[in-house]
Asker: 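I have a structure here, written as structure tokens, and I will follow up with some questions on it.
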Amino acid sequence: YLVPVVILIVGPATWVEKFPEARGTRQSPVDIVTSRASSGGSAPPLVWRYSVNHPRSVVNPGYCWRVDENGYDSELRGGPLGSDVYKLQQWHCHWGSVNGEGSEHTVDGRAFSGELHLVHWNTSKYNSFTEAAGQPDGLAVLGVLLMVGSKHDELDKVVRLLPYIQHKGDKVTFSEPLNPANLLPKRIAYWTYPGSLTTPPCTESVTWILFKEPVQVSAEQVRLNLCYYVNGKNV
Ligand SMILES: CC#CCNS(=O)(=O)c1cc(S(N)(=O)=O)ccc1C(=O)O
Ligand SMILES: [Zn+2]
């Protein structure tokens with residue numbers, strides 16, 4: 001008695017069929033092999049400024065949760081970004097289906113419980129986020145590795161809203177003051193490399209800046225993210 005087996009192959013292995021960029025030469029994420037990283041030499045300091053008191057929207061785009069900055073002003077400059085100034089467009093989080101895995105980047109083969117991405121676009125050279133997202137120097141993404149530890153109060157301003165965006169396309173707007181700078185680690189040492197979006201269209205338009213120091217989130221905050229992921233609600 002043969003049981004019909006249907007194997008649905010989705011995910012990175014099939015992306016190249018629909019998104020040719022996915023077979024490029026600067027694809028992300030990568031494993032950071034720390035022994036092969038060169039020192040930053042005389043790169044200028046990386047500096048950022050974010051607006052705090054403006055309405056933001058939390059959206060369920062289907063691959064995690066995303067906070068839109070709604071065009072309010074901000075600046076990221078210096079470090080590997082040359083003389084260009086970048087502006088924060090959105091920030092989002094990647095979680096795994098079980099604790100202890102879920103980050104996109106790994107460090108010496110080690111995965112973390114999640115990874116926060118703050119997506120900025122080059123306002124010195126381009127007129128819109130969409131235009132910048134198609135250019136090799138168009139985007140700069142700050143990556144923050146997440147590990148289980150103490151509760152993260154700033155991130156909790158978003159995590160507590162997740163029950164209201166349980167399905168793909170759901171959106172909730174909030175006005176509580178929030179400073180994205182508080183999502184970053186205290187020690188700002190980072191690895192940087194030219195890469196791509198980690199999900200389709202996998203465009204090779206991202207200067208990745210991944211902070212070395214993980215940030216702690218509580219087990220409950222991981223569980224809250226997982227429960228929506230595990231129940232197939234794609235948050
Ligand atoms: C036009 C265009 C575009 C890409 N948008 S994004 O850069 O916010 C992004 C960035 C990333 S990531 N993980 O590379 O930062 C993932 C997903 C998205 C997305 O919303 O599609
Ligand atoms: Zn991301």
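Counting starts at 1 for both ligands and their atoms, following the listed order.
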Asker: Assess whether side-chain contact (heavy atoms from CB on, under 4.5 Å) is satisfied between Tyr126 and Gln135, documenting all intermediate values.
Answerer: CA-CA 9 Å; Tyr126 307 110; Gln135 308 298 326; 3.4 Å; yes
Asker: Name all residues meeting the side chain to side chain donor-acceptor pair (under 3.5 Å) criterion together with Thr106; count only those two or more places apart in sequence or in a different chain, and write none if there are none.
Answerer: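 Thr106 satisfies side chain to side chain donor-acceptor pair (under 3.5 Å) with Asp31 once adjacent residues are dropped.
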Asker: Arg56 and Glu69: salt bridge (Lys or Arg N to Asp or Glu O under 4.0 Å), yes or no, with the steps?
Answerer: CA-CA 6 Å; Arg56 290 177 165 94; Glu69 286 292 303; 2.6 Å; yes
Asker: Which protein N, O or S atoms does the Zn ion (ligand 2) have within a distance shorter than 2.8 Å?
Answerer: His92 NE2, His94 NE2, His117 ND1
Asker: Looking only at atom types and distance, does a side-chain atom of Ser124 sit under 3.5 Å from a main-chain N or O of Asp84, one as donor and one as acceptor?
Answerer: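 Flag not set: sc Ser124 to bb Asp84 has no pair under 3.5 Å.
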Asker: Can you tell me how far apart CG (Asn122) and CG (Asp137) are? Round to the nearest 0.5 Å.
Answerer: 5.5 Å
Asker: Exactly which residues line ligand 1, taking a heavy atom under 4.0 Å from it as the test?
Answerer: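 Its neighbours under 4.0 Å (heavy atoms only) are Tyr63, Gln90, His92, His94, Glu104, His117, Val119, Phe129, Ala133, Leu139, Leu197, Thr198, Thr199, Trp208, given by chain and number.
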Asker: Hey, mind stepping through Asn60 and Trp65 against side-chain contact (heavy atoms from CB on, under 4.5 Å) and telling me if it holds?
Answerer: CA-CA 5 Å; Asn60 176 344; Trp65 52 257; 5.9 Å; no
Asker: Are Asp68 and Arg66 within salt-bridge range, i.e. N to O under 4.0 Å?
Answerer: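 Here Asp68 pairs with Arg66 in a salt bridge, since their nearest N and O are under 4.0 Å apart.
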Asker: Counting only N and O atoms by type, is there a donor-acceptor contact under 3.5 Å from the side chain of Trp208 to the main-chain atoms of Pro29?
Answerer: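 Judged by distance alone, no pair lies under 3.5 Å.
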Asker: Please tabulate, one pair per line, all N/O donor-acceptor pairs under 3.5 Å involving side-chain atoms of residues 39-53, not counting sequence neighbours.
Answerer:
unit_1, atom_1, unit_2, atom_2, d
Arg49, NH2, Asp73, OD2, 3.3
Tyr50, OH, His120, NE2, 2.7
Ser51, OG, His54, ND1, 2.4

